[in-house]
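Here is the structure we will look at.
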Number of protein chains: 2
Amino acid sequence: MRTVHEVSAMTGVSIRTLQYYDNIGLLHPAGHTESGYRLYDDASLERLQQILLFRELEFPLKDIREIIDSPDFDRGRALEQQIALLKLKKEHIENLIDLAQGLKAMGVKHLMDFEPFDTSRMDEYAAQAKASWGKTPEYREYEEKAKGRTQAENAALHNAMMGIFAEMGEIRHEDPSGPQAQDLVRKLQAFISEHLYTCSDDVLYGLGLMHAGGGDFTQGIDRCGGDGTAEFAYQAIRAYCGK
Amino acid sequence: MRTVHEVSAMTGVSIRTLQYYDNIGLLHPAGHTESGYRLYDDASLERLQQILLFRELEFPLKDIREIIDSPDFDRGRALEQQIALLKLKKEHIENLIDLAQGLKAMGVKHLMDFEPFDTSRMDEYAAQAKASWGKTPEYREYEEKAKGRTQAENAALHNAMMGIFAEMGEIRHEDPSGPQAQDLVRKLQAFISEHLYTCSDDVLYGLGLMHAGGGDFTQGIDRCGGDGTAEFAYQAIRAYCGK
DNA sequence: GATACGCCATGACGCAGCGTCAGAGTCAAG
DNA sequence: CTTGACTCTGACGCTGCGTCATGGCGTATC
């Protein structure tokens, strides 16, 4: 039988946390002294281990209680769900990193008094995009979202996308259907979906076509990642979409 | 001048949030009607855009206020810090995913009534490790942490590590100093550091030597990722450590 | 026996970033 | 005048504890 102090020292869990877990019914001590001190035995310690394991995996404490208390709980499914959730989080964070790097790259000083960065070329892009995929629902969605942002933000997004293309440029002499390139395509799709418009595989493929079309898009991208990047991106996207 | 409702519709921010931002002094409306309704003008809308931009990057609201209110604030540094923080989070989540997959792979049913999974081999491992790097501080740290875990947890960790080696096995015919392999080495180091013991480059290199040594380690890893995986891992680690 | 010091207990408040009522005032339309 | 949509403020809830505040034990020292 161990006191809170001992258990805390053994497991690294704070005393307050042990008290809290007792309060919310997650982990009751095995017994109490006459004066009400909590006492833990091996069984409760084992339970604590389980709790800490699932807690590390960022399960909410409520769920942990369910998982541990019901022996016929489908832990496999719970784990899979949690893995899926963690993967989502990871992708989200990756997008944020790209966005932040796009922001940083464009020189943060001009974030408020924005004016450089060749907005004219962005307009060309927009015009070309309009011509290419006209009034698709995705384009309307894009316009919707874009008008809710400042110039600076749109530029940052654009910049971040170019950052992804730059990453592609770095590996443009490797296999476009290789895992690295495919990973970047996934990243691109996730980024667009999160910040610009819903980017289905079809839409993505359309983008790929546009990139390789030889127009300003192609040039803009090659200027970013080096000659041949646009073509490489198209090939990678094509492979990604299974075409 | 727009009402809360309009601003909310335009930006997707909830009315409650606008009220909250007013309360904490993050975003005051430009003015009020006689009856006290909040009214926002273009300037306040622009400020809101800024807020949302930084909020998306997971800056705390307090920091956002500082960043926006002090024009001489070093946004570049703030962004870099945030990027570093996000990268840390990402790495942490990657580790969790590996851990969870390790858990799932070992068959979660045996998580509580643990017994299979050839514990004997794990003991061999431990013995060999003891012989190889004896009483280094890292090994003591490992023992410290290990005795605070259940058998099931340790097995899950072991399994997760094997998962990383399995990933290496998949690319064992490519370049060990290529970015993919290097990424996996980074992942391995991060995983070990987080779950087992502080894994400096030197320690990592020691591990690499051990892996390629031809003993049970080599066999265990090759069994996991296919013949040659251990050697490949050693080469990748060697390149990673710049040796 | 009194005191001092350390460990333990409960209970309340605080944190971030809002969501969600509750109760009440406002505004334009019917 | 009433209805219904919109707004206000204030208070509580959520997660997972950290951090007091206040007070009861336990043991060693004076």
Side-chain angles (χ1 to χ4, degrees), chain A residues 1-41 44 47-48 50-68 82 85-86 89 92-93 96, chain B residues 1-41 44 47-48 50-68 82 85-86 89 92-93 96:
Chain A
M1 293 294 228
R2 271 140 293 208
T3 71
V4 274
H5 185 88
E6 289 166 329
V7 174
S8 171
M10 285 175 62
T11 63
V13 173
S14 80
I15 295 181
R16 184 64 184 87
T17 299
L18 290 172
Q19 296 173 342
Y20 178 64
Y21 287 175
D22 187 4
N23 281 339
I24 65 172
L26 180 57
L27 174 67
H28 294 301
H32 296 82
T33 68
E34 289 179 15
S35 49
Y37 289 18
R38 274 167 259 259
L39 292 176
Y40 297 85
D41 63 359
S44 43
R47 188 184 168 95
L48 179 54
Q50 301 250 342
I51 293 170
L52 295 180
L53 175 60
F54 286 104
R55 188 184 69 165
E56 228 192 307
L57 295 176
E58 300 189 3
F59 279 89
L61 298 186
K62 268 186 191 174
D63 294 8
I64 296 180
R65 200 169 42 190
E66 272 190 60
I67 292 175
I68 297 187
Q82 196 65 7
L85 201 153
L86 288 170
K89 274 195 188 181
H92 183 219
I93 287 183
L96 293 189
Chain B
M1 293 293 226
R2 271 140 291 210
T3 70
V4 276
H5 186 87
E6 290 165 329
V7 174
S8 170
M10 286 175 61
T11 62
V13 173
S14 80
I15 295 181
R16 184 65 185 85
T17 298
L18 289 172
Q19 296 172 342
Y20 178 64
Y21 287 176
D22 187 6
N23 280 339
I24 65 173
L26 180 56
L27 173 68
H28 294 303
H32 295 83
T33 68
E34 289 179 13
S35 49
Y37 286 19
R38 275 166 260 258
L39 291 176
Y40 297 84
D41 63 359
S44 43
R47 188 185 167 92
L48 179 54
Q50 300 248 345
I51 293 170
L52 295 181
L53 176 59
F54 286 104
R55 189 185 67 166
E56 223 191 311
L57 295 175
E58 299 189 2
F59 279 88
L61 298 187
K62 268 185 191 173
D63 294 8
I64 296 180
R65 200 169 41 190
E66 272 188 61
I67 292 175
I68 296 186
Q82 196 64 8
L85 200 153
L86 288 170
K89 274 195 188 180
H92 182 218
I93 288 183
L96 293 188

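By convention in this document, chain letters (A, B, ...) are assigned in the order of the sequence lines, proteins followed by strands, and residues within each chain are numbered from 1.
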Could you check which of [options] has an atom nearest any side-chain atom of [X]?
X     : options                : value
A/Y21 : C/dC18, D/dC17, D/dT7  : D/dC17
A/V4  : D/dC6, C/dC18, C/dA9   : C/dA9
B/P60 : C/dG17, D/dC17, C/dC18 : C/dG17

To the nearest 0.5 Å, what is the distance between [atom1] ([X]) and [atom2] ([Y])?
X     : Y     : atom1 : atom2 : value
B/Y21 : B/R47 : OH    : CZ    : 11.5 Å
B/L61 : B/Y20 : CG    : OH    : 6.0 Å
B/I67 : B/Q82 : CD1   : CD    : 8.0 Å
B/R38 : B/Q19 : CZ    : CD    : 4.5 Å
B/H28 : B/L18 : NE2   : CG    : 13.0 Å
B/E58 : A/I93 : CD    : CD1   : 6.0 Å

Would you mind reporting whether A/V13 and A/V7 have side-chain heavy atoms less than 4.5 Å apart? no
Within the 4.5 Å heavy-atom criterion, are B/D63 and B/F54 side-chain neighbours or not?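 No; the side chains remain at least 4.5 Å from each other.
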Between [N] ([atom2]) and [X] ([atom1]): distance, integer Å:
X     : N      : atom1 : atom2 : result
B/I15 : D/dG10 : CD1   : C1'   : 17 Å
B/Y20 : D/dC8  : OH    : P     : 17 Å
B/K62 : C/dC18 : NZ    : C1'   : 16 Å
A/N23 : D/dC14 : CG    : P     : 15 Å
A/I24 : D/dG16 : CD1   : P     : 7 Å
B/L48 : C/dC18 : CG    : P     : 11 Å
A/E56 : D/dC17 : CD    : C1'   : 17 Å
B/D22 : D/dC8  : CG    : P     : 9 Å

Is any side-chain nitrogen or oxygen of [X] closer than 4.0 Å to OP1 or OP2 of [N]?
X     : N      : result
B/T3  : D/dC6  : no
B/H5  : D/dT7  : yes
A/S14 : D/dC17 : no
A/R38 : C/dC8  : no
B/Q19 : D/dC8  : yes

With DNA chain C as reference, determine whether B/T17 or A/G36 sits nearer its 5' end, using the nearest nucleotide of each.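 Result: A/G36.
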If you count every heavy atom of other residues, nucleotides or ligands that lies below 6.0 Å from B/H32 atom NE2, does the total exceed 12? yes
Return a single string for nucleotides 20-27 of chain C, one symbol per nucleotide in 5' to 3' order, where B is base contact, S is sugar-phosphate-only contact and - is none, cutoff 4.0 angstrom on heavy atoms. B----BBS
Do B/R2 side-chain atoms and B/M10 backbone N/O form a donor-acceptor pair below 3.5 Å? no
For the helix from C/dG1-D/dC30 to C/dG30-D/dC1, how many degrees between its two end axes (five pairs per end), to the nearest 10°?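 Taking five pairs per end, the axes differ by 40°.
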Taking any heavy-atom pair under 4.0 Å as a contact, classify B/L61: base, sugar-phosphate, or nothing. sugar-phosphate
